[in-house]
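Some notes on the structure that comes next.
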There are 2 protein chains.
Amino acid sequence: MSKAALNKRWQNGDNGLAIERLPAKESFKSRAYAALKEAITNMNIYGSDEPMLLDERDISERLGASRTPIREAVAMLEQEGLLRAVPRRGILVVRRTKAEIIEMIEAWAALESMAARLATSRASDEAIAELRAFFKEFDLNRIERERCDEYSTANIAFHQALIRLSGSSLLAAMTDNLFFHVRAIRHRTIFEMDRAQRSASDHLEIIQAIEARDADRAERLVRDHTLRLARHVESHVNLD
Amino acid sequence: MSKAALNKRWQNGDNGLAIERLPAKESFKSRAYAALKEAITNMNIYGSDEPMLLDERDISERLGASRTPIREAVAMLEQEGLLRAVPRRGILVVRRTKAEIIEMIEAWAALESMAARLATSRASDEAIAELRAFFKEFDLNRIERERCDEYSTANIAFHQALIRLSGSSLLAAMTDNLFFHVRAIRHRTIFEMDRAQRSASDHLEIIQAIEARDADRAERLVRDHTLRLARHVESHVNLD
DNA sequence: CTTCGAAATTTGGCATACCAAATACCAGCA
DNA sequence: TGCTGGTATTTGGTATGCCAAATTTCGAAG
């Protein structure tokens, strides 16, 4: 029957058709999620020691929506580890401890070094070349722009580009999430400036190793590069 | 003032006090989250090709709650990647593609090999010894229990124990999440049985490397062990 | 002025109601 | 019989209201 067939056609996900039920208009839930995440991103989380807490009703009237979709968005961000809803107290923005930040950098080292390994056997020469081109721009920025935020952003962008060479969207997604948290302490610390000099040569070596398709070396360079950052944070950054 | 001081005390999160606002009664949201996750765990996701979809109203009356907390729980599980709410269609349980499963195993390899590295410099001899004791039990199970599910569970438990030796709760949390997805295909494939023979010796070697505090070797063994699983799935498992 | 406690207020959790979109159903027509 | 068009129903998204817990306020007692 045509009805059942049509139904079947909808139920089965991908049948070669590249459309996805046309975006429709984004739900309030998604919009609230994006808005809140954006707000948290631009928030100087570690700027003060006061607990930063949000108010559902305030947010809902600011976004012009009811509390329900806001609560769903909050539930998602809570699951993601950015917020934490404490009953009768408020929704507070989670501040990571120094130990947690270090764990994140270590996990980052694990994922990115694996990405480097995978990239050596999967990435095309062209893709790797793009990485080198990106590195040049990055290197120029290093000299010109002294502002810590911008350097940090460029630095993370380089690493993200490297990770995407692995072809694994999962590695990309997981590290993006980690970067979000690590980036949040950029206001508080200047650890990047300190590492700027040797970052440049580190990055160059990494690119060379990938170009040479040397999986072990690429993996090791990336791992050590990032673990060095972890040690640096451990000994020179003061949070809590 | 005593009032302000008391207030301050509440606002500051951890002041060494190890209690957490006494559990109270768990919210419907958390209970719904746990119930749904449990249900999904015990669900044979890859048993059929039909799209598995849930109904909010059905779930809510089954759990004796309204739709609101259920929707919040669904939003969390959606963020976690287990569910996906499609407007006007239902909440469907996400079925991972083979490529996604392989990416998960690769990420797992990355995280666990890092855990092994960290364990070599952080875990106490006693903790490592416990790992060996665990391994023995595991080895016995290998012989006795032929059922694939049980073997898979024991296998994952071993790896979880290893990861916890790193002392990083983040690595533990991230891999737990990955295991959840990988475990879900246990009904469909018997890849563990296939690898059982050499898993035992692999695990023994890993333990020896950690005992010897050989970071590079421990890392490499764990990585290769898990990447071998990825290759195996790639060539012998059929999904989609 | 400080302390104590009860009332008022705030706030988050939950339930319910409503709406619009999308599907399912069904009668009528070819 | 098979197809079509329109109506009924289902369903997820959102708004609103209520409630209990927790906090704050404020006045009275010491």
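Predicted model only: the values in this text are computed from it and were never measured. We name chains A, B, ... by the order of the sequence lines, and we start the count at 1 in each one.
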query = CG/A:L170 to CD1/B:I101 distance, rounded to the nearest 0.5 angstrom?
reply = 10.0 Å
query = Below 4.0 angstrom, N of the basic side chain to O of the carboxylate: do B:R122 and A:E103 qualify?
reply = no
request  = Using the side chain to side chain contact (heavy atoms under 4.5 Å, CB included) rule, take B:E112 and B:H225 through it: C-alpha gap first, then chi angles, then the decisive distance, then the call.
outcome  = CA-CA 10 Å; B:E112 186 175 345; B:H225 173 82; 5.9 Å; no
task = Using a 4.0 Å cut-off on protein heavy atoms (strictly under), produce a 5'-to-3' string for nucleotides 12-17 of chain D with B for base contact, S for backbone-only sugar-phosphate contact, and - for none.
result = BBBBBB
remark   = In whole angstroms, the gap separating C1' of C:dG13 from CZ of B:R31 amounts to 12 Å
query = Is B:E26 paired with B:R31 through a side-chain N to carboxylate O contact shorter than 4.0 Å?
reply = no
request  = Send over the distance from A:L83 CG to C:dG12 P, rounded to a whole Å.
outcome  = 12 Å
task = Using a strict cut-off of less than 4.0 Å between a Lys/Arg side-chain nitrogen and an Asp/Glu carboxylate oxygen, indicate whether B:R164 and B:D176 qualify as a salt bridge.
result = yes
